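Have a look at the structure below, then the notes.
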Amino acid sequence: MTELKRHYRACNLCEAICGIVIETDRTGAIQSIRGDRDDPFSRGHICPKAVALQDVHNDPDRLRHPVRRTDNGFQRIGWDEAFDEVGERLQQVQREHGANAVGVYVGNPTVHNYGSLLFGIPLLKALGTKNRYSATSVDQLPHHFAAHQMFGHQLLIPIPDVDRTDFLLIIGANPAVSNGSLMTAPGIKDRIKAVRTRGGKVVVVDPRQTRTAKLADQHLFIRPGTDAALLAALLHTLFDEDRVDLGRLASFTDGLDTVREQVRAFSAERVSAMTGIEAEAIRALARGFAAAPSAVCYGRIGTCVQAYGGLSQWLVNVLNIVTGNLDQPGGAMFTQPAVDLVARGYGRGSYGRWRSRVRSLPEVGGELPVSALAEEITHPGDGQIRALVTSAGNPVLSTPNGSQLERALSELDFMVSIDFYCNETTRHADIILPPTASLEHDHYDLIFNLLAVRDVARYSPPLTQPAADTRHDWQIFDELERRLGPQDARSRARRSVTRRLGPRGILAGLLRFGPRGAGWKPFGSGLTLKKLESAVHGLDFGPLASVFPDRLRTRRQRIVLAPELMINDLERLRKALDDALGVEASELLLISRRSVRSNNSWLHNSARLMRGADRCTLQVHPTDAARRGLEDGGRATVRSRTGAVEVPVEITERIMPGVVCLPHGWGHDRKDVALQVARRTPGASVNDLTDDQRVDALTGNAAFSGVPVDIAPA
Ligand SMILES: Nc1nc2c(c(=O)[nH]1)N[C@H]1C(S)=C(S)[C@@H](COP(=O)(O)OP(=O)(O)OC[C@H]3O[C@@H](n4cnc5c(=O)[nH]c(N)nc54)[C@H](O)[C@@H]3O)O[C@H]1N2
Ligand SMILES: Nc1nc2c(c(=O)[nH]1)N[C@H]1C(S)=C(S)[C@@H](COP(=O)(O)OP(=O)(O)OC[C@H]3O[C@@H](n4cnc5c(=O)[nH]c(N)nc54)[C@H](O)[C@@H]3O)O[C@H]1N2
Ligand code: SF4
Ligand SMILES: [Mo]
């Protein structure tokens, strides 16, 4: 028998940060990936996606050296040549057209890569452009916005204390499939089951009866995009029946009377028609929530990517606060991570400091909504984007009206992408700079320790040495920053220090001087990187503790229950509520979903994950299917304002009548895309149907949910 070596690390593919054991043989080849039972946080949990770490690592389609696009396809070039060319082209565009003529898009895997986070910030600063975009504005932007408005820091995101709660209300999330989001909780299915085992209650509100709904005591179908009205009606009931009790929060919360006044229009009766939920069910839900010893409302992507995303996240927080469940065990709590980005004063948040040029959408947290990216490229005039940098993303498949964005990319003077795949977006780049894959570098969860349901930390050394002549993301950022950033003596000195330290050295400092750190003491009880590294299964500092009002970052260290921007936006919702009264909904509304063995637009090149039936199916309710002559397994053409796709039909009662559903992240049928497996089951892109013009008017977040569509047999 050959001797196998065991490596313990965190899986960085999703927010659950499961501890895994990877076995390698004498040649370094991976023999197995399993859950680490000794990880105190994940306790052996793992999902089918983890094997993709190996598949990406070994994938022959993965780029391992820079390439330049030519008339004869992509050609290999050297690193220095690539860095110089990118530096010169970007500088040239900025010299001729100003700093904002370079746009940047940063994708989701960035938050799972601490080297990218640490070295990406100086590069963004060096570029100095207001045309910054990221996956945030097709995702959790409303959470940051609400946290900033109410608690004074965009990273003060309340985390559901799922392990101690007596009442878990899940709105627009499917953690049984996604493994949890803004709720890092490995093995979340068991944690949800445990709520019921200990006598608590779980309620799911979703236009689909999801796998999570199957774990719950109760599932309520809701019309897409109407969650804010439901939440306002829950609050209305609580005020009306005198069930409001802020507990210890009362002494540092402002604005209760304003909220009471503002939700007056949202009686359960009036909201019922809009949401499709019976008035009595709304009232019963409010009563159950208020009566539970502890309760938490958790709203996730379904409540974010819709026309009232900002209002929804605000009202989720308000519900938790007025029932005394914020910052309390079993409610919505806050972490105190070993590297505390909140305490370090990093990026508190901001709103409307500038607006997008064409549509005047607001800046939030230093970024513009990615729904505006295509028009900012194609619309002529001062400040037009002429060059684009993308990193770790695939906006052609992941942002609304992706095909319009794709056409816009071909109009750019120059594009560079930092990605180890030639995907539907990066294939348009003039140069692709491929970083090392995840097992070739070390790992620390700067972000997900901040979003976890317990205070935890873990450091994972690299599994293998990077292949010869490759670069890490942080090294690519560092090389570009060196060429694009200021050239004065101080900047050079800073650069040479951070380069020498690398992410690992910087992390060592952040841990040592963080809230749990050893500080200057060479020995003693505090945390150091060395100590963390020797705890190969990770460290668990315990359940979340109450931290308010100390941790509040608002000016007067008080909770702002009724932020002005939210109150003003309520007018829009009141109008929609009036419009919905007495109106029979006639059109079909499109929503999206995730699948267990897929991750946004990638991991589709893993043959193991792609086995089985086509999952890019259109879910339709039997009555809607019958009315349109659709057959189960047949094909349908789906049309929206922006485009049309043809997809297989799946008729199911698990979806609400009037709603249809497609997964996002598919559509791998383009030329030149170097993804052998993915192109065998390409699927269609739901974002060829979603609409760049449908955004949450308050935050600019994409409104993927509730896109009106027509459907006919293909
Ligand atoms: N209709 C609809 N659209 C959606 C959603 C939805 O629910 N419905 N969800 C949205 C959400 S929540 C998100 S987060 C976005 C995701 O949207 P994006 O972030 O734009 O897309 P991803 O599929 O995450 O991008 C993955 C790319 O990153 C690369 N990559 C992976 N790891 C690394 C790395 O370490 N370094 C570098 N440089 N590259 C890496 C992969 O090779 C791949 O090409 O999609 C959004 N789009
Ligand atoms: N396996 C897998 N795991 C993933 C990902 C993946 O692609 N695959 N992506 C990761 C990423 S980037 C993220 S952000 C997280 C997201 O994690 P989740 O928020 O749990 O995302 P989803 O599984 O898409 O669940 C969203 C639910 O909202 C419902 N929904 C849609 N519109 C509405 C609406 O208007 N109102 C209500 N109430 N519900 C609505 C959908 O039917 C769906 O069940 O998952 C992460 N984990
Ligand atoms: S749940 Fe997420 S972190 Fe855990 S093994 Fe699966 S992909 Fe990795
Ligand atoms: Mo996401």
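This one's a predicted model, so the numbers in the text were calculated from it and none came from an experiment. Just so you know, residue 1 is the first one in the sequence shown, and it goes up from there. Read the numbers this way: they start at 1 and go in the same order the structure lists the ligands and their atoms.
- Contacts with ligand 2 closer than 4.0 Å are made by side-chain heavy atoms of Ser705 only, the backbone lying farther away.
- Under the 4.0 angstrom criterion for non-hydrogen atoms, Lys49 is in contact with ligand 2.
- Counting heavy atoms closer than 4.0 Å to ligand 2, residue Asn599 contributes atoms from both its backbone and its side chain.
- For Ser595, every heavy-atom contact with ligand 2 shorter than 4.0 Å involves the backbone, none the side chain.
- Numbered from 1 in the order shown, with element, the atoms of ligand 1 that lie under 4.0 Å from a heavy atom of Asn113 read 35 (O).
- Against a heavy-atom cut-off of under 4.0 Å, Arg300 is close to the following atoms of ligand 2: 14 (S), 19 (O).
- Checking Ser116, Cys304, Ser398 against atom 46 (C) of ligand 1, the nearest heavy atom belongs to Ser398.
- In the vicinity of Gly225, heavy-atom distances shorter than 4.0 Å reach the ligand 2 atoms 34 (C), 35 (O).
- For the pair Glu15 and ligand 2, the shortest N or O to N or O distance does not fall below 3.5 Å.
- At the top of the distance list for atom 24 (O) of ligand 1, counting protein heavy atoms only, stands Pro109 CD, 3.5 Å.
- Here the heavy atom of the protein found nearest to atom 8 (N) of ligand 1 is Ser592 OG, 2.8 Å.
- Here the heavy atom of the protein found nearest to atom 10 (C) of ligand 1 is Val138 O, 3.3 Å.
- Among all protein heavy atoms, the one lying closest to atom 22 (P) of ligand 1 is Ser601 OG, 3.8 Å.
- With ligand atoms numbered from 1 in the order given, ligand 2 contributes 1 (N) to contacts under 4.0 Å with heavy atoms of Val596.
- Here atom 17 (O) of ligand 2 lies nearest to Ser178 when heavy atoms of Cys47, Ser178, Pro224 are compared.
- No more than 12 heavy atoms of other residues, nucleotides or ligands shown are found within 6.0 angstrom of CZ on Arg639.
- Looking at Ser598 against ligand 2, only its backbone comes within 4.0 Å, counting heavy atoms.
- Of the N or O atoms in Asn394, one or more lie within a sub-3.5 Å distance of an N or O in ligand 1.
- If you check the side chains of Asn12 and Ser438, you find a donor sitting under 3.5 Å from an acceptor.
- Residue-level proximity to ligand 2 for Val177 is carried by the backbone, the only part with a heavy atom below 4.0 angstrom.
- Put simply, no part of Thr303 is less than 4.0 Å from ligand 2, judged by heavy atoms.
- Here is the list of ligand 2 atoms found below 4.0 Å of a heavy atom in Asp139: 14 (S).
- Test Leu63, Ile432, Leu409, Val396 against Thr426 for side chain to side chain contact (heavy atoms under 4.5 Å, CB included) and you get one pass: Ile432.
- Under 3.5 Å, the side chains of Tyr421 and Asp59 contain a donor-acceptor pair of N or O atoms.
- Near Ile171, meaning under 4.0 Å from one of its heavy atoms, ligand 2 places the atoms 38 (N).
- For Ile418, a nitrogen or oxygen atom sits less than 3.5 Å from a nitrogen or oxygen atom of ligand 1, counting backbone and side chain alike.
- Distances from ligand 2 to the non-hydrogen atoms of Asn179 include no value under 4.0 Å.
- Residue contacts with ligand 1 include Asn423, since one of its heavy atoms falls under 4.0 Å from the ligand.
- Taking atom 41 (C) of ligand 1 as the reference point, the nearest protein heavy-atom neighbour is Asp419 OD1, 3.5 Å.
- A side-chain donor from one of Asn687 and Thr690 sits under 3.5 Å from a side-chain acceptor of the other.
- Scanning Leu182, Leu589, Ile301, Asn174 for the heavy atom closest to atom 23 (O) of ligand 2 points to Asn174.
- Between Gly180 and ligand 2, a contact under 3.5 Å exists for no N or O pair.
- The shortest N/O to N/O separation between Tyr105 and ligand 1 falls below 3.5 Å.
- Among all protein heavy atoms, the one lying closest to atom 26 (C) of ligand 1 is Trp602 CD1, 3.4 Å.
- Ligand 1 has at least one atom lying under 4.0 Å from a heavy atom of Arg594.
- Residue contacts with ligand 2: Val205 is placed with a nitrogen or oxygen under 3.5 Å of a nitrogen or oxygen of the ligand (distance criterion only).
- At the top of the distance list for atom 6 (C) of ligand 1, counting protein heavy atoms only, stands His664 ND1, 3.5 Å.
- Considering both main-chain and side-chain atoms, His441 never comes within under 3.5 Å of ligand 1 through any nitrogen or oxygen pair.
- Under a 4.0 Å criterion applied to the non-hydrogen atoms of Asp227, ligand 2 contributes the atoms 34 (C), 35 (O), 36 (N), 37 (C), 38 (N).
- Listed by number with element, the atoms of ligand 2 under 4.0 angstrom from any heavy atom of Thr210 are 44 (O).
- Of the options Pro207, Gly172, Ser181, Pro663, the smallest heavy-atom separation from atom 15 (C) of ligand 2 is shown by Ser181.
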